[in-house]
Amino acid sequence: MDLAYLLSLELPICKVSDSPSNIPSIQHWTSLQHNLRAQLQDVDDPGWSLNVLRRVGGLDISFETGTTGTNRATAVLVVCELTVNQVNDENEGTASAMTEIYEDAVDVDMDLPYISGFLFVREVFAYELLLQRLRKSAPELEPDVFLVDGSGVFHPRQCGSASHFGISNGLRTIGVAKKLLCFDDFDKAAGEQVEQHMLCNFGDNIPLVGSSGFVYGLALRTAHPAKDTSSKRIYVSIGNGFCLESTKDVILKCCDVGGSYLPEPVRLADLTGRAIERTCKQIHQMQPGPEARQIAIDISNLLSNKSRKTLLDMLEEVSLDLHQRLASVQPESLKRKRSTVEELFLPLQGMYPEAQVGVLLAALRIEKPWAANLHKECLCKQRAGEAMRVAL
DNA sequence: GCGACAG
DNA sequence: ATCTTGTCGC
């Protein structure tokens, strides 16, 4: 850890003029990582096998674009279910696919800067919130394993954010990084060795070995050469609850179902976060203020693609002033069955009476084709804004 | 001494 | 993480 680098970030928790020993948080975080590392489980849970894998979670955070100053972001949890296709046109035994069965997003406010080696400070709090919300609203959908955008044991103290999240919450986790992390035991030279090594076929991999001999993880080719000619690979590491071999097996299973080099649940969480951020940006141009993010996230969380489409059609059919408040729209003017208006429009109006019609239309236009079959409970049964806004 | 460092 | 531009492929 380079202290000059840390100080140059102007951490709000310490003054730039402080001497290195006066950075309590860094020391605290470091010892927390050492404590957690001692509890890390790097062998398979008893009874684990790839055959029992049913659900896989993906966690990712997307950042606000454009606006300077405030550092807001959207954290997303997606849960996918592994489905075995009955129809095997080839002689292979199991052709499988992954379907999104759960999706949740929360607004996060990042006060703290990103510091290499301490990613957990920024991200794990949001992941824990998403976990609590999952356990509260759909405990039966809890995944068998969580894929975390970041690394696990591939870390200077062998406790990256994936391990941190897994150990703290007693979960099986895997770290999925898109870039190599370099530190004293796995330095730039070791990293270059790995990057130069060609990985040609799906599943090809080389270990990430530190100068101490410790195996931090794998560089893994996860794209099929026919589909993706680029040399993109991911760097996977044990998070918690698996050995490295099983970690690799789970990742490969999540990768050969989609068209990306990213495991499907992580890819979908990423797409969802980006879609929400795009919508936030559009809303923000019409109506500056913090409520824009909340509306975009609520609409994404609470309404299925189908319900959003219905509401959009309903509101577009009647000519409305985009600047008028939602509360001023007469439900009687909407050309839809009374039950449809009661289930969709009235709850929406109750949630955002003050919002401009144009803002709601923008939020309803969010595109998430990958979630086409995702079912959401009807709006009137949901409680709006509950625990959705957090400040980290 | 300088730059680089998962997201 | 995000911005950018062009390029390749379906």
Side-chain angles (χ1 to χ4, degrees), chain A residues 1-9 11 26 29-30 33 58-76 107-127 147-166 173-192 194-195 208 210 216-220 223-239 259-260 262-263 266-267 269-278 280-281 284 392:
Chain A
M1 178 59 51
D2 184 320
L3 283 168
Y5 170 68
L6 294 182
L7 294 171
S8 74
L9 294 168
L11 288 127
I26 297 279
W29 295 336
T30 301
Q33 288 176 332
L59 289 159
D60 186 45
I61 298 185
S62 296
F63 284 76
E64 186 178 45
T65 63
T67 50
T68 53
T70 69
N71 203 4
R72 302 207 81 92
T74 302
V76 179
D107 182 22
V108 292
D109 191 355
M110 301 285 191
D111 322 348
L112 299 172
Y114 164 67
I115 305 170
S116 179
F118 299 98
L119 184 60
F120 83 92
V121 173
R122 278 164 71 84
E123 308 210 327
V124 167
F125 183 89
Y127 295 160
L147 310 186
V148 179
D149 197 0
S151 50
V153 95
F154 178 35
H155 179 273
R157 287 163 296 281
Q158 300 180 13
C159 189
S161 56
S163 296
H164 196 111
F165 177 59
T173 57
I174 291 173
V176 180
K178 293 181 280 298
K179 287 177 182 168
L180 279 171
L181 173 61
C182 293
F183 44 94
D184 50 4
D185 191 40
F186 187 87
D187 58 19
K188 199 79 180 149
E192 276 171 15
V194 168
E195 278 175 347
L208 308 172
Y216 286 97
L218 299 173
L220 183 62
H224 288 277
K227 166 81 181 117
D228 189 344
T229 55
S230 79
S231 53
K232 281 196 169 178
R233 74 277 296 278
I234 56 175
Y235 304 101
V236 301
S237 51
I238 293 175
S260 166
L262 287 176
V266 172
R267 191 186 132 247
D270 186 61
L271 285 176
T272 301
R274 288 178 197 271
I276 289 172
E277 287 301 336
R278 274 196 303 273
C280 285
K281 194 172 183 176
H284 207 264
L392 285 186

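Below, chains carry the letters A, B, ... as their sequence lines are ordered, and counting in each starts from 1. All values reported here derive from a predicted model rather than from experimental measurement.
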Residues passing the ring-ring contact (aromatic ring centres under 6.0 Å, His included) test with A:His164, sequence neighbours excluded, are A:Phe120
For A:Leu218, the side chain to side chain contact (heavy atoms under 4.5 Å, CB included) test, sequence neighbours excluded, returns A:Asn205, A:Pro207, A:Val236, A:Leu244, A:Lys248
Hits for side-chain hydrogen bond (donor to acceptor under 3.5 Å, both in side chains) against A:Tyr235, two or more places apart or cross-chain, chain-then-number order -> none
What one should report as the nearest heavy-atom pair of A:Asp107 and A:Ala73 is OD1-O, 3.3 Å
| request: Give a yes or no on whether the backbone of A:Leu112 and the side-chain of A:Arg122 come within a donor-acceptor separation of less than 3.5 Å. | output: yes
In the 5' to 3' direction, the nucleotides of DNA chain C bounding the stretch that comes under 4.0 Å of a heavy atom in chain A are C:dA1 to C:dC3
From NZ of A:Lys178 across to C1' of B:dG7 the rounded distance in Å is 8 Å
Note: contacts of residues 181-189 of chain A with DNA chain B (heavy atom, under 4.0 Å) are A:Leu181
Parsed dot-bracket for DNA chain C after applying the Watson-Crick and G-U rules with both distances under 3.5 Å and | for other-strand partners is ..........
- Task: Using only heavy-atom distances, determine whether the side chains of A:Thr74 and A:Glu277 contain a donor-acceptor pair under 3.5 Å.
- Result: yes
The side-chain hydrogen bond (donor to acceptor under 3.5 Å, both in side chains) partners of A:Ser237 (sequence neighbours excluded) come to none
Residues at least two apart in sequence or cross-chain that pass side-chain hydrogen bond (donor to acceptor under 3.5 Å, both in side chains) with A:Lys178, listed by chain then number, are A:Asp149
To the nearest angstrom, the CD-P distance between A:Glu192 and B:dA4 comes to 14 Å
Verify the stacking flag for A:Tyr235 against B:dA6: centroid separation must be under 5.5 angstrom and the ring planes must differ by under 30 degrees. no
Separation between CZ (A:Phe186) and CG (A:Leu208), nearest 0.5 Å, reads 4.5 Å
For A:Arg233, the salt bridge (Lys or Arg N to Asp or Glu O under 4.0 Å) test, sequence neighbours excluded, returns none
Per the 3.5 Å Watson-Crick/G-U criterion and a run length of at least three, the stems involving DNA chain B are none
| query | Sub-3.5 Å donor-acceptor pair from the side chain of A:Gln33 to the main-chain atoms of A:Gly117, do we have one? | reply | yes
A:Arg278 meets the side-chain hydrogen bond (donor to acceptor under 3.5 Å, both in side chains) criterion, sequence neighbours left out, with none
